[in-house]
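Okay, structure first, notes after.
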Amino acid sequence: MKAPRDLGSARPLLDKLGVKPGLRVSLLGVGEDWFRELLAQRTDDVHDAPAAGSDLVFFMAERPADLERLKALREVIKEDGAVWVLRRKGAGRSLSDVDVIDASAAAGLVDNKIAAFSEELAAMRLVVRIVDRRRS
């Protein structure tokens, strides 16, 4: 897959996804080389396995069973971090928004943003509810 063309927003993709300089990012099943190249413009703390203390996790989910990993991923992110679930768009998709929302609730997460990741992929951001965050 190639880098996305402008998908209707004037904001750069990394800005829409909340990628800031120096953040720790975990890429799980995201085989998009163009995205890794974009990330390198903002941070060099990128991991291909769940990295404890991640600010952001980008997780590719192909089928409902993949969403069972969300509970473990909740433990990987910082309290104010996020898991971005990437899933296929269109008629041939095997996951819906509702599947992701239901699985996130079971994992102690809540959805709070959606974005077009590419022409083929949609992204939904999941975070720990503020009332559930540990006090520091």
Side-chain angles (χ1 to χ4, degrees):
M1 185 181 320
K2 60 184 179 178
R5 60 179 173 75
D6 182 4
L7 297 173
S9 171
R11 292 180 67 203
L13 178 62
L14 293 182
D15 291 348
K16 288 194 295 184
L17 299 174
V19 180
K20 296 183 174 106
L23 291 185
R24 174 172 280 191
V25 177
S26 295
L27 296 177
L28 308 177
V30 181
E32 314 300 336
D33 290 337
W34 61 264
F35 186 60
R36 182 176 296 280
E37 291 172 16
L38 272 180
L39 283 174
Q41 297 172 16
R42 298 264 172 106
T43 184
D44 60 359
D45 195 358
V46 179
H47 305 267
D48 292 318
S54 286
D55 296 287
L56 299 172
V57 171
F58 292 91
F59 169 56
M60 181 66 194
E62 296 280 354
R63 56 192 176 281
D66 294 340
L67 298 173
E68 294 172 9
R69 289 187 68 188
L70 289 176
K71 189 166 189 171
L73 294 178
R74 188 263 173 257
E75 298 304 317
V76 169
I77 61 171
K78 292 180 178 178
E79 286 296 301
D80 61 349
V83 176
W84 280 98
V85 175
L86 309 179
R87 64 175 183 81
R88 303 246 172 246
K89 295 183 200 177
R93 72 181 190 267
S94 57
L95 285 174
S96 69
D97 286 346
V98 173
D99 294 328
V100 178
I101 291 167
D102 289 347
S104 69
L109 299 165
V110 64
D111 63 293
N112 71 349
K113 186 173 185 177
I114 58 171
F117 184 81
S118 69
E119 291 183 43
E120 295 88 13
L121 299 177
M124 182 178 288
R125 182 174 64 190
L126 310 176
V127 298
V128 178
R129 295 182 331 155
I130 292 173
V131 298
D132 294 336
R133 294 179 188 176
R134 296 179 201 105
R135 303 288 181 223
S136 51

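The residues of the chain are indexed from 1 along the displayed sequence.
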For the atom pair CG (L73) and CG (L28), what is the distance rounded to the nearest 0.5 Å? 6.0 Å
Is there a side-chain contact between R69 and P50 in this structure, where contact means two heavy atoms from C-beta onward sitting under 4.5 Å apart? yes
Indicate if L27 and L67 have the same hydrophobic cluster label, given that clusters are the connected sets of ILVMFWY residues with side-chain heavy-atom separations under 4.5 angstrom. no
Would you say L56 and F59 are hydrophobically clustered, going by side-chain heavy atoms of ILVMFWY under 4.5 Å? no
Measuring from D66:CG to M60:CE, what's the distance to the nearest 0.5 Å? 8.5 Å
Test your reading of the model: is there a side-chain donor-acceptor pair from T43 to the backbone of L23, 3.5 Å cut-off? yes
For atom NZ of K113, is the number of surrounding heavy atoms from other residues, nucleotides or ligands below 6.0 Å larger than 12? yes
Carboxylate-amine/guanidinium proximity below 4.0 Å for R88 and E120: no
Under the rule for salt bridge (Lys or Arg N to Asp or Glu O under 4.0 Å), what residues qualify as partners of D45, not counting sequence neighbours? R24
Indicate the atoms forming the closest heavy-atom contact of K16 with W84, along with that distance. O-CZ2, 4.1 Å
Please report the interatomic distance CG(D44) to CG(L39), rounded to the nearest 0.5 Å. 11.0 Å
Are V57 and L126 linked, directly or through other ILVMFWY residues, by side chains that come within less than 4.5 angstrom of each other? yes
Can you tell me how far CG of L86 sits from CG of L95, rounded to the nearest 0.5 angstrom? 11.0 Å
Going by the angle between their ring planes, with limits at 30° and 60°, are F35 and F58 parallel, tilted or perpendicular? perpendicular
At their closest point, which heavy atom of V127 faces which heavy atom of A82, and how far apart are they? CG1-CB, 3.8 Å
Below 4.5 Å, heavy atoms only, C-beta onward: do L13 and W34 meet side chain to side chain? yes
Answer whether the closest heavy-atom distance between the side chains of V85 and L70 falls below 4.5 Å. yes
NZ/NE/NH1/NH2 to OD/OE distance under 4.0 Å, R129 and E79: no
Contacts of D15 meeting side chain to side chain donor-acceptor pair (under 3.5 Å) (sequence neighbours excluded), chain-then-number -> R42
Return the set of residues passing side chain to side chain donor-acceptor pair (under 3.5 Å) with K78 (not counting sequence neighbours), or none when no residue passes. D55
Any side-chain heavy-atom pair from R74 and V128 closer than 4.5 angstrom? yes
Atom pair CD1/OG of I101 and S96 - distance to nearest 0.5 Å: 8.0 Å
Taking all non-hydrogen atoms of both residues, which atom of K89 and which atom of S118 are closest, and how far apart? NZ-O, 2.9 Å
Just verifying a value: how many Å separate D99 CG and R87 CZ, rounded to the nearest 0.5 Å? 8.0 Å
Close side-chain approach of L17 to R125, heavy-atom, < 4.5 Å: no
Can you see which heavy atom on V25 is nearest to which on S54, and at what distance? C-OG, 4.5 Å
Looking at every non-hydrogen atom in both residues, tell me the closest pair between P64 and S94 and how far apart they are. CD-O, 3.8 Å
Answer whether the closest heavy-atom distance between the side chains of D111 and V100 falls below 4.5 Å. no
Would D33 and R36 pass as an ion pair if we require N to O under 4.0 Å? no
